[in-house]
There are 4 protein chains.
Amino acid sequence: MARVTQQHVDARRESILDAAARLFARKGVNSATMSDIAAEAGLSAGAIYRYFGSKDDLLRAVFDEAVERNERLFREESESAPSPLTALQNIGRRIWVEHDDRDSLICEVQMALSAARDPDDFGLDLSRNRQVIRELLKSMIEAAQASGEIDPYIDATALALILQAASGGIQTLKLEDGDSIDIQSAFDLMVQMVSGLRASSSAAHER
Amino acid sequence: MARVTQQHVDARRESILDAAARLFARKGVNSATMSDIAAEAGLSAGAIYRYFGSKDDLLRAVFDEAVERNERLFREESESAPSPLTALQNIGRRIWVEHDDRDSLICEVQMALSAARDPDDFGLDLSRNRQVIRELLKSMIEAAQASGEIDPYIDATALALILQAASGGIQTLKLEDGDSIDIQSAFDLMVQMVSGLRASSSAAHER
Amino acid sequence: MARVTQQHVDARRESILDAAARLFARKGVNSATMSDIAAEAGLSAGAIYRYFGSKDDLLRAVFDEAVERNERLFREESESAPSPLTALQNIGRRIWVEHDDRDSLICEVQMALSAARDPDDFGLDLSRNRQVIRELLKSMIEAAQASGEIDPYIDATALALILQAASGGIQTLKLEDGDSIDIQSAFDLMVQMVSGLRASSSAAHER
Amino acid sequence: MARVTQQHVDARRESILDAAARLFARKGVNSATMSDIAAEAGLSAGAIYRYFGSKDDLLRAVFDEAVERNERLFREESESAPSPLTALQNIGRRIWVEHDDRDSLICEVQMALSAARDPDDFGLDLSRNRQVIRELLKSMIEAAQASGEIDPYIDATALALILQAASGGIQTLKLEDGDSIDIQSAFDLMVQMVSGLRASSSAAHER
DNA sequence: TATGAATGAGTTTTCATTCAT
DNA sequence: TATGAATGAAAACTCATTCAT
């Protein structure tokens, strides 16, 4: 296998990362053994160590990739969308509705991680990442408020938190109860609820 | 030793259950060791086995209790509230805002469980439980629609799913990022968004 | 085993330390497995971890104890002996001739350690310890020179090095070829060689 | 490929043997991995197996070569030296003072081996080898006694043991504390101590 | 009943060895 | 011949569970 160059190595790395993300999300970080992951990737346990120094390294890599995907998602949509609200909707659609196996992991992995690990280890990074996302959401909401798409009297921070919570929750439910759920309808309704905030503006700032 | 009556036994059982729930939520099911739990309950590791046959039994008991609490929560509120929407709001408030350590576990434990276990074991029960909750929510929403508190053209199933997802997500965020979050504002906004569905009804059923 | 107090715990710790020292010396640090050590101590592998956090901890403990024994040996003899040379001889005798299994490990363990480990880990401590011993030997030799027991023209540093080398070497040989060796005669001759340095003084400082 | 002749194969074998000896001595037999050795020899791990059937084979080969070098050392010196004592001194000098990396391994390797391996495997050979060396030393000492260079009342066996022990010990110290040691002075003193045995003869056999 | 020492099965990790290229 | 990816058999370590006290 002397000729199996970088390309092959990269592909392997990817497939391990993929398998790990899948299993971390499915079984939890602790329950997913290196053997499980190796099997899922079509390898023996020991082989993984050629690509990742330890289970923790692998975990970190999965996490980093999830973070990166998330950022890319936000960046792409906010750059290409015609308006802030549209951007928000597109991001929401991609998280709620459209997704391959890999995309769905963006949030699950983080939740699985946080549920399964000592906060001292990863917790800070996870928490920081969630906060960053919340800030991004808040900025987009404020932009939408500035452009008149969302009621300016709404508490942007609170809305960002709700969107994050609902998205996270939906990911978990999709992952676990996948078949018995009609995501599309839920997403449409969510959009409607956010849009509805325009009409109810007077009620809002009088509370 | 005959004097160590049922009362004492029950108290011990309770405190173990309590400690277990706390630790399962805090560290994840796998990372919480029997010794951890015993220490948290003020016992030695071996003693737990007098009250629960195995860690799995304990896990199951914690789960069952969480389910039971959840049911009690719904029952109490729907019986005492003056209207369906108020009931929903009260339930929401108790889940989002008011809660002692124990209550906050209602959802976390479920998430922790689902994140940490092989779906073959617990998954079905968890999934079934979540479905039951969704049905309950749906019934309450439909009741609110019947009484004119919520726009009747709204998809009750979708709303139930959103409420469940958001509540679950909020629990996780509270558990992990607790300090940096303003739950009360988020809850108020959530209430407003659900209420807002009344005003936007015409838009909704024309989609 | 609730009543098995500190005394029992200490005894266990001792016996594990004992077994570990024996096996480290006999098979080398790497080849001596935790199971080996446990078996030698009459335990299962896992049990050791109740007393020592890791194999490295155990190694360190064995090392520390060896150092301590060594120091005690030097201290006792140099305090109680009637003269510096006698002290040196007594120390020598205890290292070369008299010794139970445990004492013989004083040096072997250090050699086994150094032979089997990455110098980055333990090497510095080992080296420092050996240097300390050499300094002690040198001081004793100089005292003997001051009191006229050893030729003052002898290079005390060089003699200390020789004594340390010979003692270390002897320990290894004893450990490995034990039965086929007549230690007593070798020790007597060594004493004679050191004593002989008195007579050859003139030759020495004329070189 | 037919051109890659015996010459090339032998050179490769030599360089692997060299690398292995160096690493066995430096890191210990267990800690030196086949990859380490291969890298040190400028090869890949798998390639070694073209020259040595297994790590154990390689170990054995290193050992055998060390033995052979040792024997050659003794043979050369005892043949070329003008007198038995001079031969002993020359051998000593080559072991204590002069040596390239490879020569210094003569003893270290044996010590590393013995420290790192189950006595059942190699131990016997090692022990036998050491005994052979001791016998050689003894013969040379006896020759020196016969020629009047060393006091005939000295116990030749005991002196051989001391020389072997001191040489072995020195090798270890040199390997590990190399820089902080003045070998030359120690060697000179050792020579002096052996020579001194001439003068102290009367004292010796009267003890 | 409670303790906590001990066991043993399971998990991560390492590395000699094999083998497709 | 040489490579280095992959395997698989240990070895370190963890922890649910048992049991003598």
Side-chain angles (χ1 to χ4, degrees), chain A residues 1-5 8-9 12 30-38 41-58, chain B residues 1-4 8-9 12 30-39 42-59, chain C residues 1-5 8-9 12 30-38 41-58, chain D residues 1-4 8-9 12 30-39 42-59:
Chain A
M1 287 187 178
R3 227 58 37 67
V4 181
T5 26
H8 182 252
V9 167
R12 267 274 189 264
N30 282 295
S31 297
T33 70
M34 290 302 262
S35 290
D36 289 340
I37 297 168
L43 285 166
S44 72
I48 294 181
Y49 289 84
R50 181 165 284 280
Y51 301 91
F52 299 92
S54 67
K55 191 178 183 183
D56 249 54
D57 275 6
L58 181 52
Chain B
M1 287 179 184
R3 225 73 34 66
V4 182
H8 182 249
V9 167
R12 271 268 192 269
N30 280 288
S31 297
T33 72
M34 290 300 264
S35 289
D36 288 342
I37 297 169
L43 283 166
S44 71
I48 294 182
Y49 288 82
R50 232 159 240 294
Y51 302 91
F52 299 92
S54 69
K55 192 179 184 183
D56 250 52
D57 277 5
L58 181 52
L59 181 56
Chain C
M1 289 186 178
R3 228 57 37 68
V4 180
T5 25
H8 181 253
V9 167
R12 268 275 189 263
N30 281 295
S31 297
T33 71
M34 291 301 263
S35 290
D36 289 340
I37 296 168
L43 284 166
S44 71
I48 295 181
Y49 291 85
R50 181 166 284 281
Y51 302 90
F52 300 92
S54 66
K55 192 178 183 183
D56 248 55
D57 275 6
L58 181 52
Chain D
M1 286 181 185
R3 225 74 32 66
V4 183
H8 181 249
V9 167
R12 270 268 192 268
N30 281 288
S31 298
T33 71
M34 290 300 263
S35 289
D36 288 342
I37 297 168
L43 282 167
S44 71
I48 294 182
Y49 288 82
R50 230 159 242 296
Y51 303 91
F52 299 91
S54 68
K55 191 178 184 183
D56 250 54
D57 277 5
L58 181 52
L59 182 56

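Fair warning: this is a prediction, and the values are worked out from it, not measured in the lab.
In this structure, F/dT21 forms a base pair with E/dA2, meeting either the Watson-Crick or the G-U wobble geometry with both donor-acceptor distances under 3.5 Å.
We find that NE2 of D/H8 is positioned 8 Å from P of F/dT1, with the value rounded to whole Å. Spacing between atom CD1 of D/I37 and atom C1' of E/dT17 amounts to 13 Å, rounded to whole angstrom units. Rounded to whole Å, atom P of F/dA11 lies 8 Å from atom CG of C/D36. Rounded to a whole Å, the CG atom of C/D56 is 13 Å from the C1' atom of F/dC13.
Both C/A32 and D/R12 lie near DNA chain F, and the one whose nearest nucleotide falls closer to the 5' end is D/R12.
Here OG of C/S44 is found 11.0 Å from OH of C/Y49. Values are rounded to the nearest 0.5 Å. Here CD1 of D/I37 is found 9.0 Å from CG of D/L59. Values are rounded to the nearest 0.5 Å. Annotation: the span from D/K55 atom NZ to D/I48 atom CD1 amounts to 9.5 Å, rounded to 0.5 Å. Note: B/L58 CG to B/F52 CZ = 5.5 Å, rounded to the nearest 0.5 Å.
Remark: D/L43, D/S44, D/G46, D/A47, D/R50, D/Y51 in residues 42-54 of chain D come within less than 4.0 Å of DNA chain F through at least one heavy atom.
Here E/dT13 is the nucleotide among F/dT1, E/dT13, E/dC15 with the atom lying nearest to any side-chain atom of A/K55. Considering only side-chain atoms of A/M34, the nucleotide from F/dA6, E/dT13, F/dA12 that sits closest is E/dT13.
Using a 4.0 Å heavy-atom criterion, one finds that B/A38 contacts no nucleic acid atom at all.
Shortest non-hydrogen contact noted between B/S31 and B/D36 is O-OD2, 3.6 Å.
Side-chain contact between C/Y51 and C/V9: present, with at least one pair of heavy atoms (C-beta onward) separated by less than 4.5 Å.
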